[in-house]
Amino acid sequence: MTGRLVIDGEEIPRGRLHQETAALATALASAGAGPGRGVVIARDDPRTAVVTALAAESLGFPVLCQGERWRSVARTRRVAAVVAPGADGAPSVTAQPDTGLPDFAESAHTLLYTSGSSGEPKAVELSHAAVGYHRYDVAAHAEVDARDRMLVPMSLLNSYGWGIVQYWLSHGFEMHVESRLNMDRVAGLLREGSHTRLDGVGSMYAALLVAARRDRELAAALGALSFRGCGGDVLPVGLVREYAELVGGPIHDGYGLSETVAWVTQSLPGNWRPGTVGPLIKGSSARIDPAEGEVLLHGPGLMDGYLDDDAANAAAFTEDGWLRTGDRGSVEPDGHLVIEGRIKESLVVHGETIPPRFVEDVLAACDPVREAAVVGLPTGRARGDRLVAFAVVDARDRERALPLMRLALREHLPVHQRPREIHLLDEFPRTRTDKPDRRALRARAASLEKEKDQAH
């Protein structure tokens, strides 16, 4: 059950889509693809991703997304074929020799890589059952409808984008994919008023908000959407509130991991609250580990495990089978989940542990700031980390940005929680799941500090 498909403004006629899917399925079957015998999508190309997903529906092979790492997987498991865009844009198949290695589990549907925000990316094995839960239970919670016209300006090969493909396969709505996030183009498409839903990351919504402050037509178009889905990282509270005030509706934030297909919570038009990532989806559960405040998850959408990594699997689950997320948070009495941030990214200042978002929310609430991130550099002293802030600010707003941010920090935070330095950037370095790459930012902060010391 597939709906209309538009990629970068060009409609892929249903007849051509079916023809390309049939041809790909034939070539993959000849290469030995099937249950347990995986197929790699080698390039981040939306047409290739969609046609491969359709072929997988008929042949039942597991799809290895984010294929630049596929050779490491092929050292332990059999990969039947690699798919990439051909000269005419249609998917092309390169069959792989039978290495005699074990197949993937027959239950395997998808392999995704973690973002690498907390270390080396790991291959996540997701079952047909987990993906089925996402397609139907999660989609029902998110009020996905066959009449929707969804604008999707993102990669389809991370957990968020691949999850939307699974929605599309089962519910047949109209999907408009933009292979590159161009803010002027996204704003123009929204002004046309032909879409009912938008999905994207927080940095996209922050940039749209900056534009909407000066563009009433864009603000009205954002307000006319029935759903403004968001994932990838924790949203600043001020961003959600300003959306509600400016466009008449919030960003519908959700929470999930590569290890959960996509979502375990999702804010809804009639059930949202700033500072939370929405209520738990039916079937999913969360509890808090009292030792560190870590969010633990349980439910039918969880991964089977990290592929061929016993040590990582032992660390990922509690003895009674709950997934350790690595995020600190809390569950409110009505079931809304609050995420404070990665435990490993916590800042320690004067013996106090501070989630970065406590500082980042103050900075992100300043009008010129599109996005903010705070990292800690160890000092080796009792005072703890030295806080360094980065902010994405348009060039025309930079002169007024720093004074506003300094004032906001003085008004809202005690002295020890205020970053000593604030660096303005055009864009943040990002992980494969489009989160700010905090490791890269921390390295940049350390490099800038070293340069400063050498100058003195």
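These numbers come from the heavy atoms of this one structure, side chains and all, not from hydrogens, waters or symmetry mates. If you read the sequence from its start, that first residue is 1, and numbering goes on from there.
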Rounded distance [0.5 Å steps], CG in Leu246 versus CG in Leu239: 11.0 Å
Met150 versus Asp199, closest heavy-atom pair with distance: SD-OD2, 3.7 Å
Note, Pro236 side chain near Asp361 side chain (heavy atom, < 4.5 Å): yes
Side-chain (Ser267) to main-chain (Asp253) donor-acceptor, under 3.5 angstrom: yes
Main-chain N/O of Tyr160 paired with Asn158 side-chain donor or acceptor, under 3.5 Å: yes
Closest contact, heavy atoms only, Leu225 versus Leu198: CD1-CB, 3.7 Å
Sequence-distant partners of Thr265, side-chain contact (heavy atoms from CB on, under 4.5 Å), two or more places apart: Tyr255, Val277, Leu280, Leu337
Side chains of Trp263 and Ser284 in contact at under 4.5 Å (non-hydrogen atoms): no
Whether His109 and His128 hold their rings parallel, tilted or perpendicular, with breakpoints at 30° and 60°: perpendicular
Side-chain heavy atoms of Arg400 within contact of Pro368, under 4.5 Å: yes
His252 backbone acceptor or donor facing Gln266 side chain under 3.5 Å: yes
Partners meeting side-chain hydrogen bond (donor to acceptor under 3.5 Å, both in side chains) with Thr21 (sequence neighbours left out): none
Contacts of type side-chain contact (heavy atoms from CB on, under 4.5 Å), residue Leu402, not counting sequence neighbours: Met405, Ile422, Leu424
Residues that Ser72 engages under side-chain contact (heavy atoms from CB on, under 4.5 Å), provided they are two or more places apart: Arg69, Arg75, Tyr113
Donor-acceptor under 3.5 Å (Arg370 side chain, Val392 main chain): no
Selection residues 185-219 - residue pairs positive for ring pair (Phe, Tyr, Trp, His ring centres under 6.0 Å), sequence neighbours left out: His176-His195, Tyr205-Tyr243
Name the atoms and distances for all side-chain donor-acceptor pairs under 3.5 Å in residues 210-218, with sequence neighbours left out.
{"unit_1": "Arg213", "atom_1": "NE", "unit_2": "Glu242", "atom_2": "OE2", "d": "2.9"}
{"unit_1": "Arg213", "atom_1": "NH1", "unit_2": "Asp367", "atom_2": "O", "d": "2.7"}
{"unit_1": "Arg213", "atom_1": "NH2", "unit_2": "Glu242", "atom_2": "OE1", "d": "3.1"}
{"unit_1": "Asp215", "atom_1": "OD1", "unit_2": "Glu217", "atom_2": "N", "d": "3.1"}
{"unit_1": "Asp215", "atom_1": "OD1", "unit_2": "Leu218", "atom_2": "N", "d": "3.0"}
{"unit_1": "Asp215", "atom_1": "OD2", "unit_2": "Arg191", "atom_2": "NE", "d": "2.9"}
{"unit_1": "Asp215", "atom_1": "OD2", "unit_2": "Arg191", "atom_2": "NH2", "d": "2.7"}

Flag for Thr114-Tyr306: side-chain donor and acceptor within less than 3.5 Å: no
Check: Trp168 side chain, Phe173 main-chain N or O, donor-acceptor pair, under 3.5 Å: yes
Heavy-atom side-chain contact between Met303 and Glu125 under 4.5 Å: no
Any residue meeting side-chain hydrogen bond (donor to acceptor under 3.5 Å, both in side chains) with Ser346, in chain and number order, not counting sequence neighbours: Arg328
Point-to-point distance, once rounded to the nearest 0.5 Å, from CD of Gln166 to OG1 of Thr110: 5.5 Å
Verdict with supporting geometry, Arg16 and Glu10, salt bridge (Lys or Arg N to Asp or Glu O under 4.0 Å): CA-CA 13 Å; Arg16 190 205 305 174; Glu10 178 188 356; 3.8 Å; yes
Within residues 391-418 or reaching into it, pairs that qualify as ring pair (Phe, Tyr, Trp, His ring centres under 6.0 Å) - sequence neighbours excluded: His350-His416
Contact list for residues 163-185, test salt bridge (charged side-chain N to carboxylate O under 4.0 Å, His left out), sequence neighbours left out: Arg4-Glu174, Glu178-Arg185
For the student: nearest non-hydrogen atoms of Phe390 and Leu425, plus distance: CD2-CD1, 3.8 Å
Residues in side-chain hydrogen bond (donor to acceptor under 3.5 Å, both in side chains) contact with Thr325, at least two apart in sequence or another chain: none
Residues which pass side-chain contact (heavy atoms from CB on, under 4.5 Å) with Ala221, listed by chain and number, not counting sequence neighbours: Leu190
Salt bridge (charged side-chain N to carboxylate O under 4.0 Å, His left out) contacts in which one or both residues fall within residues 256-276, not counting sequence neighbours: Arg273-Glu332, Arg273-Asp334
